[in-house]
J.: 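Okay, here's the structure, questions in a sec.
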Amino acid sequence: MVDQNELQKTLGVPFQRQELLTQALTHSSYANENPGIAPASNERLEFLGDAILGLIVAENLFRDFPAMSEGEMTRLRSILVKQETLARVAESIKLGDYLYLGKGEEASGGKDKPANLARALEALIAAVYLDHGFAVTEQFVSGNIGCRITENSLSGYDYRLQITASRTTAS
């Protein structure tokens with residue numbers, strides 16, 4: 001088992017229920033190879049985390065970009081919650097170093113696979129929510145994914161969106 005204390009320091013979220021953090025980090029391959037020892041896989045947490053993430057990102061876009069149309073918010077939200085973006089966030093906090101993977105998944109580079117990283121991040125979001133509630137989860141998401149709003153909106157996503165976002169934040 002890996003030392004999760006370092007991850008909790010990186011996240012700035014001390015878990016009261018350590019089993020939630022462990023489950024968030026547990027890939028189905030590990031759970032299948034270690035029945036009775038491993039917690040359930042992170043798949044159910046991933047489901048919840050995806051929904052929570054979508055809500056938080058949508059609310060932030062709605063609040064922070066009042067001039068943005070529904071279509072623009074939808075496109076930007078899809079960029080912010082897609083696998084590639086979530087994997088980059090997971091890489092930035094070295095989430096792959098903490099994943100529990102089965103032998104085959106580990107051998108095939110599973111700690112670096114974008115799908116595993118993105119899913120673990122969504123599961124982590126759910127674990128934070130279940131352990132600390134919505135306000136802490138919103139701070140965690142906004143601090144780690146909210147920063148991608150500027151990065152994505154200013155890196156060639158859509159010139160019209162760049163102008164809209166720039167004008168909105170300048171006022």
J.: Looking only at non-hydrogen atoms, find the nearest pair between Ala24 and Leu45 and report the distance.
T.: N-CD1, 3.7 Å
J.: Once you round to the nearest 0.5 Å, how far does CD of Glu59 lie from CG of Leu61?
T.: 10.5 Å
J.: Give a yes or no on whether Phe47 and Leu117 share a hydrophobic cluster (residues Ile, Leu, Val, Met, Phe, Trp, Tyr; joining criterion: side-chain heavy atoms under 4.5 Å apart).
T.: no
J.: Can you tell me how far apart CD (Glu122) and CG (Leu86) are? Round to the nearest 0.5 Å.
T.: 5.5 Å
J.: We want to know whether Glu70 and Thr74 form a side-chain donor-acceptor pair, criterion being a heavy-atom distance below 3.5 angstrom.
T.: yes
J.: For Gly102 versus Ser29, what's the shortest heavy-atom pair and its separation?
T.: N-OG, 2.7 Å
J.: Do Thr137 and Ile52 come within less than 4.5 Å of each other through their side chains, counting heavy atoms only?
T.: yes
J.: Sequence neighbours left out, cut at 3.5 Å: what donor-acceptor pairs do the side chains of residues 124-134 make with other protein atoms?
T.:
unit_1: Asp131; atom_1: OD1; unit_2: Arg17; atom_2: N; d: 3.0
unit_1: Asp131; atom_1: OD2; unit_2: Gln16; atom_2: N; d: 2.8
unit_1: His132; atom_1: NE2; unit_2: Pro14; atom_2: O; d: 2.8

J.: Go through the steps to decide whether Asn60 and Glu138 satisfy the test side chain to side chain contact (heavy atoms under 4.5 Å, CB included), and finish with yes or no.
T.: CA-CA 9 Å; Asn60 285 341; Glu138 186 172 25; 3.9 Å; yes
J.: Are any of the side-chain heavy atoms of Phe62 and Met73 separated by less than 4.5 Å?
T.: yes
J.: Provide the closest heavy-atom pair for Asp97 versus Lys111 in the form atom of the first, atom of the second, distance.
T.: O-NZ, 3.7 Å
J.: Atom OG of Ser108 and atom CG of Leu101: how far apart are they, to the nearest 0.5 Å?
T.: 8.0 Å
J.: Report the distance from atom CG of Leu80 to atom CD1 of Ile56, rounding to the nearest 0.5 Å.
T.: 12.5 Å
J.: Any donor and acceptor pair, going by atom type alone, linking the side chain of Glu72 with main-chain N or O of Ser69 inside 3.5 Å?
T.: yes
J.: Applying salt bridge (Lys or Arg N to Asp or Glu O under 4.0 Å) as the test, list every pair that has at least one member in residues 22-37; sequence neighbours left out.
T.: none
J.: Please tell me if the side chains of Glu105 and Lys113 come closer than 4.5 Å, counting only heavy atoms from C-beta onward.
T.: yes
J.: Would you check if the side chain of Thr85 reaches a backbone N or O of Val81 as a donor-acceptor pair within less than 3.5 Å?
T.: no
J.: Check for a donor-acceptor pair, side chain of Gln23 on one end and backbone N or O of Ser41 on the other, with a separation under 3.5 Å.
T.: yes
J.: Is there a donor-acceptor contact under 3.5 Å linking the side chains of His27 and Asn116?
T.: yes
J.: Is there a donor-acceptor contact under 3.5 Å from the side chain of Thr22 to the main chain of Glu19?
T.: no
J.: Is there side-chain contact between Tyr98 and Leu21, with heavy atoms separated by less than 4.5 Å?
T.: no
J.: Drop me the distance from Glu46's CD to Ser28's OG, to the nearest 0.5 angstrom.
T.: 9.5 Å
J.: Which heavy atom in Tyr30 sits nearest to a heavy atom in Tyr100, and how many Å separate them?
T.: CB-O, 3.3 Å
J.: Just jot down the side-chain contact (heavy atoms from CB on, under 4.5 Å) partners of Asn5, sequence neighbours excluded, or say none.
T.: Asp3, Gln8
J.: Supply the atom-to-atom distance Glu106 CD to Lys103 NZ, rounded to the nearest 0.5 angstrom.
T.: 11.0 Å
